[in-house]
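Take a look at the structure below.
Every value quoted in this text rests on a predicted model; they were computed, and no experiment measured them. We count residues from 1, following the sequence as given.
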Amino acid sequence: MKKILGCIIAVLFLVSCSDTPVHKPKKLIKENVMVDILYDMALLQAMKSYNPNMLDVMNINSTNYIYKKYNIDSLQFAQNNEYYASRIEDYQKIYEKVDERLQKTIKASKPKVLPELKKDVVKKAIDSTKKATDSIKLKSNDSLRKISIKKGALKKVK
């Protein structure tokens with residue numbers, strides 16, 4: 001019985017590892033549209049990771065949003081994703097384009113500070129720090145003077 005079970009598992013393993021190509025889907029999504037879909041999915045996933053409740057509050061289901069936006073269904077997306085994944089070079093190009101767009105988005109969202117503005121900000125920070133230390137010195141000197149005056153006043157009273 002164990003030998004028969006072992007043979008069946010071995011045959012299933014060999015059959016599952018066969019090198020059958022993935023056939024082109026009937027409704028093939030163009031590469032540039034696939035890039036758009038994966039880009040939008042990455043953005044929505046980032047939004048969900050950053051603030052999990054944000055999409056829920058706005059009543060947005062990210063997968064349904066993608067399907068409606070690109071007029072596809074889950075089966076069509078799965079078949080196309082599997083098809084492109086079986087073609088490694090094409091899939092890599094798609095993800096490189098997605099990554100490039102994401103990097104552009106990140107760069108565009110960062111505030112641009114001019115070097116002159118940076119110098120002004122640093123100078124203001126240094127000036128405010130100097131003013132704060134000067135005021136601390138003045139306050140400490142004043143309190144020491146009050147103490148010495150009080151001691152001298154006590155000697156005169158005796």
Rounded to the nearest 0.5 Å, the OG atom of Ser86 sits from the NE2 atom of His23 at a distance of 10.0 Å

Approximate separation, where rounding is to 0.5 Å, of Lys97 NZ and Tyr39 OH
15.5 Å

Would you kindly confirm whether Leu38 and Ile88 end up in one hydrophobic cluster when ILVMFWY residues are joined by side chain heavy atoms under 4.5 Å apart?
no

Flag side-chain contact, heavy atom, 4.5 Å: Val98 against Met34:
no

Between CG of Asn64 and OG of Ser74, what distance do you get to the nearest 0.5 Å?
9.0 Å

Using only atom types and a distance under 3.5 Å, with no angle test, would you say the side chain of Asn81 pairs donor to acceptor with the backbone of Phe77?
no

Sequence neighbours excluded and cut-off under 3.5 Å, please list the side-chain donor-acceptor pairs for residues 26-33, or say none.
none

Where Pro25 and Gln79 come nearest, the two heavy atoms and their spacing
CG-O, 3.9 Å

Check whether any side-chain heavy atom of Glu96 sits under 4.5 Å from a side-chain heavy atom of Glu100, and report yes or no.
no

Report the C-alpha separation of Tyr83 and Arg87 in whole Å, then their side-chain angles, then the decisive distance to 0.1 Å, and conclude whether the side-chain hydrogen bond (donor to acceptor under 3.5 Å, both in side chains) test is met.
CA-CA 7 Å; Tyr83 172 71; Arg87 304 166 56 113; 2.8 Å; yes

Is it the case that one hydrophobic cluster holds both Leu75 and Ile37, taking links as side-chain heavy atoms less than 4.5 Å apart, direct or via other members?
no

Can you tell me how far apart NZ (Lys68) and OG1 (Thr63) are? Round to the nearest 0.5 Å.
10.0 Å

Full working for side-chain contact (heavy atoms from CB on, under 4.5 Å) between Ile72 and Asn80:
CA-CA 11 Å; Ile72 60 173; Asn80 278 273; over 6 Å; no

